[in-house]
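Bear in mind the structure is a predicted one, so any value in this text is a computation, not a measurement. Order of listing sets the numbers, starting from 1, for every ligand and every atom in it.
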Amino acid sequence: MAKFHTLSISDIRKETPDTVSIAFDVPTTLKDDYQFTQGQYLTLKGIINGEEVRRSYSICVSPLDGELRVAVKQVPQGVFSTFANNDLKVGDELDVMTPTGNFFTPIEPAKAKNYVLFAAGSGITPIMSIMKTVLEEESGSTVTLFYGNKKSGNIIFQEQIEDLKNQFTQRLSVNYVLTEEHPGSDLFYGRIDEDKCEKFATHLFDPLTVDAYFLCGPEQMIRTAASVLENKGVNKGQIHFELFTSPSSVIEGKTEKTEHTETAIEIENAEITVILDDETSTYILENKQENILDSAMNQGIDVPYACKGAVCMTCRAKLLEGEASMEKNYALTDQEVEQGYILTCQAHPKTQKVVVSFDD
Ligand code: FES
């Protein structure tokens with residue numbers, strides 16, 4: 001299970017006027033806990049103005065880089081992102097959860113694959129990690145990136161992307177798409193909308209020869225690109241995506257997968273058993289409005305969470321007995337739901353007795 005540890009900040013880099021990347025010092029004793037896969041994210045916890053705030057941010061480096069670094073773009077009224085951009089400094093300590101997330105496909109060095117990546121704004125963060133790792137570890141694979149921004153000055157990681165282009169001339173193709181600055185070609189001017197996706201998939205890559213698509217950015221871009229690709233015959237299973245605009249204002253960094261909502265069925269005085277770190281606690285959920293996560297926290301159980309908005313998956317647990325319904329689900333895949341996983345921050349008991357395990 002993912003766990004928080006206190007890590008000190010080893011470096012802060014201004015990537016653009018409104019984005020910083022933050023690297024953490026990981027002590028040797030915790031190296032294994034913080035090993036990550038490209039595309040994963042970290043949940044950070046800080047006390048800001050006396051209140052505990054948790055946010056999730058994607059790792060922006062490759063596992064081969066030998067550092068743990070996330071990028072944080074300042075969003076309007078974003079409590080954590082403003083704090084990170086304006087106040088954090090090298091040497092400060094933050095509670096950092098061990099890496100989680102499943103926005104990746106396995107690296108297969110012996111295979112030559114084609115990847116197409118769509119990113120907009122800070123959606124580049126996990127895409128950067130994926131792109132770097134694929135290029136470095138799969139020497140026969142190609143990567144085509146479409147990256148939307150307002151202006152060239154907003155392009156996060158532009159220097160690193162240009163370095164990769166120079167290093168992997170034959171295998172990386174980068175297409176910047178700008179909305180507020182004409183880049184010299186109409187094809188790359190404007191939003192990554194249906195028309196653009198159509199043109200890209202007609203002129204710049206052959207959709208049916210691509211092994212994996214990774215999409216990260218606002219919901220509109222993801223839905224549009226995915227639907228154009230599916231209409232062209234691309235298998236849904238090859239299209240992986242993460243949302244960077246939140247369904248609730250609480251979330252500043254991350255993400256969405258398949259939406260899945262149910263109306264809660266109200267069960268009076270359900271008996272809830274929570275298994276966490278091999279310890280079992282049982283209690284009666286008296287307030288039927290309360291979700292399983294909140295009810296467990298009110299019992300003093302130190303259950304993991306970050307967004308409480310059905311997005312980050314930190315509160316994931318497995319239903320071992322009984323049934324539960326989720327108000328929202330932007331994080332679990334259909335397969336995970338079938339396997340019995342729930343987002344406890346969204347889950348309400350549907351049966352008189354429910355057993356959930358955070359250890360599975
Ligand atoms: S705490 Fe983020 S999905 Fe439940």
Side-chain angles (χ1 to χ4, degrees), residues 1-4 39-46 48 51-59 70 72 75 78-81 94-103 122 125-126 216 219 222 240-264 272 274-277 285 289-319 324-350 354 356-360:
M1 194 191 66
K3 266 204 163 60
F4 279 109
Q40 287 196 306
Y41 63 89
L42 301 176
T43 297
L44 311 182
K45 182 166 76 173
I48 304 170
E51 292 214 3
E52 182 187 296
V53 183
R54 298 179 179 205
R55 296 291 185 269
S56 303
Y57 296 101
S58 287
I59 297 169
V70 293
V72 182
V75 296
V79 178
F80 200 99
S81 63
L94 277 179
D95 287 341
V96 181
M97 195 180 272
T98 46
T100 38
N102 51 14
F103 188 47
S122 57
T125 317
C216 191
E219 183 172 10
I222 288 174
H240 310 271
F241 60 89
E242 276 206 329
L243 248 195
F244 259 58
T245 347
S246 65
S248 106
S249 58
V250 186
I251 300 139
E252 293 170 34
K254 280 187 51 63
T255 63
E256 178 168 344
K257 281 215 167 51
T258 48
E259 187 169 359
H260 172 91
T261 55
E262 277 184 33
T263 318
I272 311 286
V274 171
I275 302 168
L276 174 72
D277 283 339
L285 199 165
Q289 307 300 332
E290 216 171 45
N291 58 55
I292 294 177
L293 180 86
D294 282 339
S295 69
M297 287 171 71
N298 288 339
Q299 295 291 322
I301 306 169
D302 191 19
V303 279
Y305 73 92
C307 73
K308 288 195 176 181
V311 172
C312 72
M313 215 166 60
T314 313
C315 67
R316 187 182 91 147
K318 193 167 191 181
L319 258 181
S325 61
M326 284 186 281
E327 288 174 45
K328 286 182 277 173
N329 169 25
Y330 301 104
L332 297 173
T333 61
D334 292 345
Q335 198 188 4
E336 286 169 311
V337 173
E338 270 163 36
Q339 288 167 346
Y341 287 101
I342 54 169
L343 299 174
T344 53
C345 73
Q346 301 297 318
H348 299 267
K350 265 169 80 176
V354 163
V356 295
S357 168
F358 286 84
D359 294 348
D360 284 83

Per-atom contacts, ligand 1 versus Cys315 - under 4.0 Å to a heavy atom: 1 (S), 3 (S), 4 (Fe)
Any Ala331 heavy atom less than 4.0 Å to ligand 1: no
Ligand-residue contact atoms, ligand 1 with Cys345, heavy atoms, under 4.0 Å: 1 (S), 3 (S), 4 (Fe)
Salt bridge Lys308-Asp294, side-chain N to carboxylate O under 4.0 Å: yes
Atom indices of ligand 1, in the order listed, that fall short of 4.0 Å to a heavy atom of Ala310: 3 (S)
Heavy-atom proximity to atom 3 (S) of ligand 1, best of Gln346, Met313, Arg316, Met326: Met313
Check: Gly101 main-chain N/O paired with Gln40 side-chain donor or acceptor under 3.5 Å: yes
Identified side-chain contact (heavy atoms from CB on, under 4.5 Å) partner of Pro304 from the options Thr43, Leu276, Leu293: Leu276
For Lys308, the ligand 1 atoms whose distance to one of its heavy atoms is below 4.0 Å: 1 (S), 2 (Fe)
Under-4.0 Å salt bridge between Asp360 and Arg316: no
Under 3.5 Å donor-acceptor, Asn291 side chain and Gln346 backbone: no
Residues, nucleotides or ligands: over 12 heavy atoms within 6.0 Å of Glu51 CD: no
Residue portion contacting ligand 1 (non-hydrogen atoms closer than 4.0 Å) for Val311: backbone
Cys307 near atom 4 (Fe) of ligand 1 via N/O/S, less than 2.8 Å: no
Polar side-chain atom of Ser81 near backbone of Val75 as donor-acceptor pair, under 3.5 Å: yes
Those atoms of ligand 1 less than 4.0 Å from some heavy atom in Ala306: 1 (S)
